[in-house]
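Structure first, then comments.
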Amino acid sequence: MATALTPQITSRLPQVGTTIFTVMSALAQQHGAVNLGQGFPDFDCDPRLLDLVNQAMRKGLNQYPPMAGVEALREAIARKIGSLYGGEYDPGSEITVTAGATQAILTAILAIVHPGDEVIVLDPAYDSYEPNIVLAGGRAVHVPLTPGSFRPDFAALCAALSPRTRALIVNTPHNPSATAWTAEEMQRLAELLRPTETLLIADEVYEHMVYDGGRHESVARHAELAARSFIVSSFGKTFHVTGWKVGYVAAPRAFTEEFRKVHQFNVFTVNTPMQHGLAAYLEDPAPYLGLSAFYAAKRDHFRAGLQATRLRLLPCEGSYFQCVDYSAISELDENAFCRWLTQEIGVAAIPLAAFYPSPFEQSIVRFCFAKTATTLDEALSRLARL
Ligand SMILES: Cc1ncc(COP(=O)(O)O)c(C=O)c1O
């Protein structure tokens, strides 16, 4: 009898290892540190939303929904986009409910990127973009946001465009830098892309967290950009339910058709009762309209506490992240500083270098302030030693 061979797998993603988020969270737990590293709330959602999902379950809405998503939810999403940004999306043919923004982005990339295509990623960038591009057989072309300010560098962006550029990914408000694109920047982007066939993936998961009277420059406000875009958002971020993994994509009909071809054979659908619950909850705009004020109070409280330390605060225009420059305190690299901060001070943060393709040191780390006042106060009392 022939010896049974153990099949070996040639990795599709040989570069991918354990993420820094997992590493830092494990370290935080080991040392009893306050975890301001991972980007999700440590408080619960509105109980009304739980009731609405529960009612949907008890009504028996537990079987497959339509492939594109529950109709009432797609209609509610279209109304939200229309009323906030003036963008018109047909719920039937232009909106698709996804398993969070993560699946939305992967599916959009698989739908549009062919082997050899290039996709421009602005660094620092959310960690799923590049592996998604690689899985599609494409190549990520990295263009740094301007170091220091994290504003888009249009000259560098222009230089990176090539006949092979299939898409550009823009994330505003931005994780990790907490910047938000301005109307002028969106206009410059529209002008830059005008003579090209570059598609835009607009990652707008923090759309409802913009501070100090600023407004979210959704691509849906800019008809010219919207015509080349997949807009991605996430109810996980908006309603404090990151574990539910429900998001959506809004895109012109022809793009949505291709998107749904992949979606259909990828997840096919997203869980039904959550969709019904979210549809009913969206009837009242107050929860998402109030989100900026809710997080601005947390941001202000956290920033006020940090003012007492030698950490230098970077601006926080949007998202629930606060970056700080620690160069007045330590010469350690960002990774080592985060380890030290976790072990010695008892607060976990994420090195900004983790959001770059190869380590790029700026002495900046990211905190997440989507935490209860108790958690933030505990972190601040420990950070006061700095
Ligand atoms: C910029 C950005 N995009 C996408 C996601 C993923 O969103 P979701 O949890 O809905 O998949 C995150 C989550 O942290 C994010 O920060």
Side-chain angles (χ1 to χ4, degrees), residues 19-22 24-25 35-42 45 49 69 73 77 95-110 119-133 140 145 150 152 167-181 200-210 216-219 229-250 259 263 266-267 270-271 274-275 278 288 291 295 316-323 348-352 354-356 366-371:
T19 72
I20 186 73
F21 305 96
T22 310
M24 290 312 302
S25 285
N35 192 350
L36 301 190
Q38 282 208 323
F40 55 78
D42 71 343
C45 67
L49 178 55
L73 180 55
I77 293 165
I95 289 177
T96 311
V97 179
T98 60
T102 311
Q103 184 240 319
I105 296 163
L106 172 62
T107 302
I109 289 172
L110 289 175
V119 180
I120 298 177
V121 172
L122 305 179
D123 293 331
Y126 185 61
D127 61 352
S128 78
Y129 301 159
E130 178 150 16
N132 288 184
I133 296 162
L145 293 164
F150 300 102
L168 160 69
I169 306 177
V170 166
N171 168 219
T172 181
H174 186 240
N175 174 13
S177 77
T179 52
W181 283 44
L200 186 62
I201 297 175
D203 180 344
E204 302 188 2
V205 299
Y206 301 103
E207 63 176 319
H208 301 297
M209 302 168 205
V210 179
H216 169 55
E217 289 303 324
S218 174
V219 159
S229 297
F230 292 84
I231 300 176
V232 175
S233 191
S234 167
F235 292 114
K237 307 289 179 188
T238 301
F239 295 139
H240 321 307
V241 286
T242 57
W244 289 9
K245 299 299 293 183
V246 186
Y248 61 87
V249 167
F259 181 93
H263 178 79
N266 177 355
V267 289
V270 175
N271 71 79
M274 263 67 172
Q275 291 196 58
L278 286 164
Y288 60 82
L291 199 68
Y295 273 125
C316 172
E317 300 169 341
S319 83
Y320 48 45
F321 300 110
Q322 174 65 56
C323 289
I350 300 292
L352 229 67
F355 298 85
Y356 288 83
R366 187 200 79 176
F367 292 118
C368 171
F369 57 77
K371 308 293 170 190

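As the structure lists them, so they are numbered: ligands from 1, and atoms in each ligand from 1. Given the structure is predicted, the values throughout are model-derived calculations rather than measurements.
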Query - Within-4.5 Å side-chain heavy-atom neighbours: Tyr126 and Val205 - result: no

Report summary line: Per-atom filter on ligand 1: closer than 4.0 angstrom to a heavy atom of Asn171 are 1 (C)

Query raised in the report: Under 4.0 Å from any heavy atom of Ser234, which atoms of ligand 1 are there?
Result: 8 (P), 10 (O)

Report task. Can you figure out which of Asp203, Val232, Val246, Val205 has its heavy atom closest to atom 3 (N) of ligand 1? Result -> Asp203

Query raised in the report: Would you call Tyr129 and Asp203 a side-chain contact if the rule is heavy atoms closer than 4.5 Å?
Result: yes

Report summary line: CG of Asn266 to CG of Leu106, rounded to nearest 0.5 Å, is 6.0 Å

Report summary line: In terms of heavy-atom contacts, Thr98 and Val270 come closest through C-CG2, 3.3 Å

Query raised in the report: Is ligand 1 less than 4.0 angstrom away from at least one heavy atom of Tyr206?
Result: yes

Query raised in the report: Would you say ligand 1 has an N or O under 3.5 Å from any N or O of Ala101?
Result: yes

Report task. Please step through side-chain hydrogen bond (donor to acceptor under 3.5 Å, both in side chains) for the pair Thr22 and Thr19, ending with a clear verdict. Result -> CA-CA 5 Å; Thr22 310; Thr19 72; 3.1 Å; yes

Requested in this report: List the steps and the verdict of side-chain hydrogen bond (donor to acceptor under 3.5 Å, both in side chains) for Gln103 and His263.
Outcome: CA-CA 9 Å; Gln103 184 240 319; His263 178 79; 2.9 Å; yes

Report summary line: If we number the atoms of ligand 1 from 1 as shown, the ones under 4.0 Å from a heavy atom of Lys245 are 8 (P), 9 (O), 11 (O)

Requested in this report: Could you tell me whether ligand 1 has any atom less than 4.0 Å away from a heavy atom of Lys237?
Outcome: yes

Report task. Run the numbers for me: atoms of ligand 1, each under 4.0 Å from some heavy atom of Gly100, listed by number. Result -> 10 (O), 11 (O)

